[in-house]
Amino acid sequence: MATKEYKTVLVEKEDGITWAILNRPEKRNAMNPQLHFDMYDVVTEAEGDPETQVLVITGAGNSWCAGMDLKEFFREGDKNPEFQRQVAWASQEWRWRKLFTFPKPTIAMVNGFCFGGAFSPMIACDFAIASEDALFGLSEVNWGILPGGLVSRVVTDVLSLRDGLYHAMTGDPFDGRKAAEMRLVNYAVPADQLRDETVKLAKKLMEKNPWALRATKQAYKLVRGMDYSQAEDYLAAKGAQIKIQDRESGYDEGIKQFIDDKTYKPGLGPMARVNKDS
Ligand code: COA
């Protein structure tokens with residue numbers, strides 16, 4: 001179903017999945033200022049949208065995203081630093097801060113080119129699935145800059161020092177298979193299976209209790225920056241938060257279905273969600 005219209009992003013909603021499709025295919029979905037402002041709005045709206053259970057980010061045409069727009073963000077932006085700062089803020093906000101701890105599962109469905117500044121949102125998503133023939137690259141060094149924004153920092157979260165530095169310093173592109181081998185993406189699949197595999201993962205996530213899922217992703221990501229005592233206390237508080245917020249009473253229900261009803265085994269799959277609309 002089509003929803004609100006944006007100049008540079010198509011938003012489609014179907015069966016709980018919201019598809020945010022970067023839509024400047026003639027520019028390989030390079031991120032110009034308008035796209036940053038649009039994506040800021042798209043992500044903000046999806047946060048509180050009950051129809052959105054899983055957010056998938058993908059690209060129109062043969063590209064996921066060719067990185068920052070060299071003309072509109074860099075060359076023209078350099079002449080208008082005030083505006084460039086506003087754009088940089090919006091860009092960091094959606095590409096990292098909002099997306100990294102987005103309250104619902106996020107999947108980067110990498111259908112083609114993924115360069116430079118596109119690494120931030122790709123890594124911020126909880127999952128990345130690539131087409132085997134997608135083409136990735138930390139291309140900044142090829143044109144005289146470094147992987148900025150947060151790219152150099154967030155790449156170190158997913159790549160080894162050897163792999164990350166190799167690609168940052170050579171700028172060599174690599175395909176989806178190699179990205180999966182280096183664990184930059186969860187897996188790579190043939191192009192004609194990309195959408196089905198993404199939907200399959202989204203459906204699996206939609207079977208889980210959404211409050212437990214939210215707390216799990218946020219906690220898993222945030223404890224990485226904490227010491228052990230902080231993490232222990234934070235995880236206890238986060239666990240308590242689930243019970244307060246969970247309108248499906250997943251904790252009680254999960255124990256009941258296993259111990260009393262004997263209808264599922266937690267080690268092998270999820271309990272049946274009940275009271276979904278309460
Ligand atoms: N910024 C601005 N414009 C871009 C762009 C970018 N990052 N990436 C592509 N475009 C534009 C091209 O300038 C071209 O515009 P034009 O039709 O007005 O000439 C159009 O998109 C198509 O690009 P083209 O290079 O002809 O497509 P291609 O399929 O042959 O190659 C890429 C695709 C992605 C390999 C190539 O466009 C590229 O190297 N882009 C830059 C990638 C990059 O280094 N990004 C990092 C930025 S942080």
Side-chain angles (χ1 to χ4, degrees), residues 6-10 20-40 57-81 83-97 99-100 108-125 128 130-159 163-179 182 184-185 188 191 194:
Y6 298 89
K7 290 195 177 104
T8 64
V9 183
L10 277 174
I21 305 162
L22 308 181
N23 192 28
R24 301 182 72 216
E26 72 291 352
K27 300 289 180 190
R28 307 299 181 260
N29 306 321
M31 296 177 282
N32 67 348
Q34 185 65 48
L35 187 141
H36 287 303
F37 295 134
D38 285 348
M39 276 305 288
Y40 177 87
I57 300 182
T58 190
N62 67 348
S63 181
W64 194 68
C65 173
M68 291 297 243
D69 191 305
L70 273 66
K71 177 168 174 282
E72 291 190 48
F73 179 77
F74 285 105
R75 190 161 68 187
E76 292 168 10
D78 288 345
K79 294 180 203 136
N80 188 348
F83 180 63
Q84 197 179 41
R85 265 197 300 279
Q86 288 170 19
V87 178
W89 179 85
S91 94
Q92 291 299 89
E93 201 65 16
W94 84 262
R95 283 187 305 161
W96 191 257
R97 287 184 286 270
L99 212 46
F100 188 62
M109 186 178 93
V110 185
N111 56 305
F113 300 120
C114 177
F115 285 106
F119 273 57
S120 293
M122 188 265 296
I123 293 170
C125 285
S131 168
E132 287 175 347
D133 59 5
L135 199 65
F136 295 78
L138 290 169
S139 52
E140 287 89 341
V141 73
N142 289 338
W143 58 282
I145 68 163
L146 55 70
L150 272 175
V151 174
S152 288
R153 174 66 187 81
V154 302
V155 164
T156 65
D157 284 343
V158 284
L159 289 186
D163 287 333
L165 203 51
Y166 181 90
H167 286 287
M169 292 182 69
T170 64
D172 284 356
F174 51 95
D175 67 13
R177 286 188 196 85
K178 180 75 184 171
M182 292 192 293
L184 179 62
V185 300
L194 185 60

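Numbering of ligands and ligand atoms starts at 1, following listing order. The analysis underlying the following values was restricted to heavy atoms, covering all of them including side chains, and did not include hydrogens, waters or symmetry mates.
Between H36 and F73, the two ring planes are perpendicular [angle over 60°; tilted spans 30° to 60°]. W89 and Y40 have tilted rings, their planes meeting at an angle from 30° to 60° on a 0 to 90° scale.
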Polar pairs, ligand 1 vs protein, N/O only, below 3.5 Å.
from	atom 1	to	atom 2	distance (Å)
ligand 1	1 (N)	L70	N	2.9
ligand 1	7 (N)	A66	O	3.0
ligand 1	7 (N)	M68	O	3.0
ligand 1	15 (O)	K27	NZ	3.3
ligand 1	18 (O)	K27	NZ	2.5
ligand 1	21 (O)	E26	O	3.4
ligand 1	27 (O)	R28	NE	3.2
ligand 1	27 (O)	R28	NH2	3.3
ligand 1	29 (O)	R28	NE	2.9
ligand 1	29 (O)	R28	NH2	3.2
ligand 1	44 (O)	S139	OG	2.6
ligand 1	45 (N)	A66	O	2.8

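Here the rule is salt bridge (charged side-chain N to carboxylate O under 4.0 Å, His left out) with D69, and of K27, R75, R24 only R24 fits it.
Atom CE of M109 is separated from atom CG of L194 by 4.5 Å, given to the nearest 0.5 angstrom. Here the CG atom belonging to L184 is positioned 11.5 Å from the CG atom belonging to D157, to the nearest 0.5 angstrom.
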Taking only distance into account, with no hydrogens and no angle test, what donor-acceptor pairs under 3.5 Å do side-chain atoms of residues 137-152 form with protein atoms, sequence neighbours excluded?
from	atom 1	to	atom 2	distance (Å)
N142	ND2	G171	O	3.4
S152	OG	P147	O	2.7

